[in-house]
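For clarity, every value in this text was computed on a predicted model and none was experimentally measured.
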There are 2 protein chains.
Amino acid sequence: MINSLPKRTETFLNGGEVVAEDSRPGESCMILKGFAARSHYSRDGSRQISALHVPGDFVDLHAYLLRVMDHGVIAIGSCEVAYVSYDSIRRVTEESPHLGRLLWLSTVIDGAIQRAWVTCLGRRTAEQRMAHLLCELYLRLEAAGIATGNSFHLPLTQSQLADLLGLSVVHVNKKLQKLRLSGLVDWRGGIVVIRDFGDLARLAEFDPTYLSLRVETR
Amino acid sequence: MINSLPKRTETFLNGGEVVAEDSRPGESCMILKGFAARSHYSRDGSRQISALHVPGDFVDLHAYLLRVMDHGVIAIGSCEVAYVSYDSIRRVTEESPHLGRLLWLSTVIDGAIQRAWVTCLGRRTAEQRMAHLLCELYLRLEAAGIATGNSFHLPLTQSQLADLLGLSVVHVNKKLQKLRLSGLVDWRGGIVVIRDFGDLARLAEFDPTYLSLRVETR
DNA sequence: CGTGTAGTTGATAGTGCTCAATTTTAGTGG
DNA sequence: CCACTAAAATTGAGCACTATCAACTACACG
């Protein structure tokens with residue numbers, strides 16, 4: 001669908017600024033390879049990452065309507081993105097209502113993932129949040145055809161993970177070790193191996209409904 | 001805009017189920033009077049409220065595209081809502097692209113509010129979360145023409161507040177008292193009085209940009 | 001006037017944070 | 001291939017914030 005749109009592609013290294021916070025972009029970006037994250041900085045220098053994006057995700061389509069970026073987008077590991085201009089997007093939505101609906105749908109699924117994340121931050125322990133993240137990522141990557149077997153590449157620093165989970169680096173480190181010891185997951189040097197998805201999902205109280213991976217007519 | 005659509009209205013008491021979790025509704029609801037909240041239940045009985053809605057909000061428009069509700073909607077205090085059928089919504093989006101864009105916009109602003117809430121849960125203390133909530137609500141209610149002066153009606157139980165902030169009831173109670181003592185806010189018996197919005201916003205590190213209250217052409 | 005819900009209190013325990021130091025890993029130039 | 005360096009990961013100790021438990025009070029309603 002998006003393949004038909006004119007675009008320019010660009011590659012970023014870890015930490016690279018894909019879209020700047022508070023900017024007013026004239027184009028939206030889609031991840032082609034690698035990962036990107038939505039980041040929010042506070043005045044005291046602390047950071048919260050509110051979403052992690054995988055290939056196929058339209059990261060900042062909402063800015064097409066909101067005009068101003070309420071967050072920045074940074075590369076996690078090396079990351080290749082395609083920028084599509086708002087003009088193209090507008091043309092698509094006007095000429096093809098069906099494709100317009102799919103764009104709307106993608107922002108709406110994005111919202112569902114955010115809601116699940118709110119629940120995660122509000123009501124789960126550190127260990128559960130980590131497990132939940134891995135369950136979600138595994139399914140999203142599998143749906144994107146990227147996860148091989150029960151393992152995937154995830155170049156996420158423990159410090160970035162801490163900002164994603166709303167925890168401190170030290171605590172993340174300790175709980176990650178506990179997860180490894182439990183034998184459910186092995187995550188080391190950018191490679192995640194899920195040893196027992198069922199038990200991991202049980203630990204995380206993970207229910208994949210919100211990911212909307214089931215095929216529905218819309 | 002919505003006034004032109006055919007609808008049925010209904011009134012709920014505190015805690016009433018406006019839309020059921022996991023259901024597949026055939027209509028979307030808009031708040032006319034009072035408040036409603038998105039609630040997610042866990043297996044262990046704990047609950048997280050992921051959003052609080054004020055009059056004018058289209059609470060579950062996303063289900064028009066997602067088909068399945070990933071959360072429930074409950075009334076906070078007594079609450080009057082209007083249900084609009086998906087057929088009407090579909091007709092509007094097809095006949096008037098501009099109104100369609102406004103509907104899309106409303107789901108996208110909803111997403112921005114959720115992102116801000118993720119940052120709040122991940123990186124702010126109990127007191128700051130409470131202050132942030134009040135700042136946000138005040139501006140939203142003012143924009144909806146409901147907040148009078150520096151005060152508004154908010155029939156939120158401390159237990160509901162705890163589920164919204166991701167805290168325990170006991171802790172909410174103690175921090176609320178601290179807020180009262182500080183003189184920034186007086187919240188008692190369902191009435192919130194903001195004594196010093198500036199200081200409250202400073203405490204919460206509140207930045208209203210994400211609410212998209214500025215008028216932009218879209 | 002009894003009953004139930006909401007709000008309040010105090011004590012104790014646990015989860016996660018901060019600080020500071022140390023080890024490991026990855027990348028660079030010689 | 002090795003030395004050098006910076007970033008990332010790891011460790012331990014002490015502390016702060018928040019949860020849990022168990023009363024107890026205040027208030028609304030029939």
What is the distance from [atom1] of [X] to [atom2] of [N], rounded to the nearest Å?
X	N	atom1	atom2	answer
K178(B)	dT8(C)	NZ	P	17 Å
L121(A)	dT15(C)	CG	C1'	15 Å
N173(A)	dA8(D)	CG	P	14 Å
W187(A)	dA8(D)	CH2	C1'	13 Å
R188(B)	dA6(C)	CZ	C1'	14 Å
L176(A)	dA9(D)	CG	P	9 Å
N14(B)	dA28(D)	CG	C1'	14 Å
Q177(B)	dT8(C)	CD	P	5 Å

- Does the distance from a Lys or Arg side-chain N to an Asp or Glu carboxylate O, for R8(B) and E10(B), drop under 4.0 Å? yes
- Message: Tell me the closest heavy-atom pair linking R67(A) and Y86(A), and the distance in Å.
- Response: NH1-CD1, 4.3 Å
- Task: Can you see which heavy atom on G166(A) is nearest to which on L121(A), and at what distance?
- Result: N-CD2, 4.4 Å
- Query: How far apart are the C-alpha atoms of D110(B) and R38(B), what are their side-chain angles, what is the distance that settles it, and do they pass the salt bridge (charged side-chain N to carboxylate O under 4.0 Å, His left out) test?
  - Reply: CA-CA 12 Å; D110(B) 194 87; R38(B) 292 194 180 133; 2.9 Å; yes
Show me the protein contacts with nucleotides 25-27 of chain C, counting only N or O atoms at under 3.5 Å.
none

- Note on the structure: To the nearest 0.5 Å, atom CD1 of I191(B) lies from atom CG of D186(B) at 10.5 Å
- Item | Check: T157(A) side chain, Q160(A) main-chain N or O, donor-acceptor pair, under 3.5 Å | no
- Message: Looking at S85(A) and S88(A), would you say the former's side chain and the latter's main chain have a donor-acceptor pair under 3.5 Å?
- Response: yes
- Query: Mind checking what makes side chain to side chain contact (heavy atoms under 4.5 Å, CB included) contact with R124(A), not counting sequence neighbours?
  - Reply: T119(A), C120(A), Q128(A), R129(A), H132(A), E205(A)
- Message: When you compare the side chain of P208(B) with that of L213(B), does any pair of heavy atoms fall below 4.5 Å?
- Response: no
Which atoms of nucleotides 17-20 of chain D (N or O only) lie under 3.5 Å from a protein N or O atom, and what are those distances?
unit_1  : atom_1 : unit_2  : atom_2 : d
dT18(D) : OP1    : A126(B) : N      : 3.0
dT18(D) : OP2    : H171(B) : NE2    : 3.2
dT18(D) : O5'    : H171(B) : NE2    : 3.4
dA19(D) : OP1    : S168(B) : N      : 3.2
dA19(D) : OP2    : S168(B) : N      : 2.9
dA19(D) : OP2    : S168(B) : OG     : 3.0

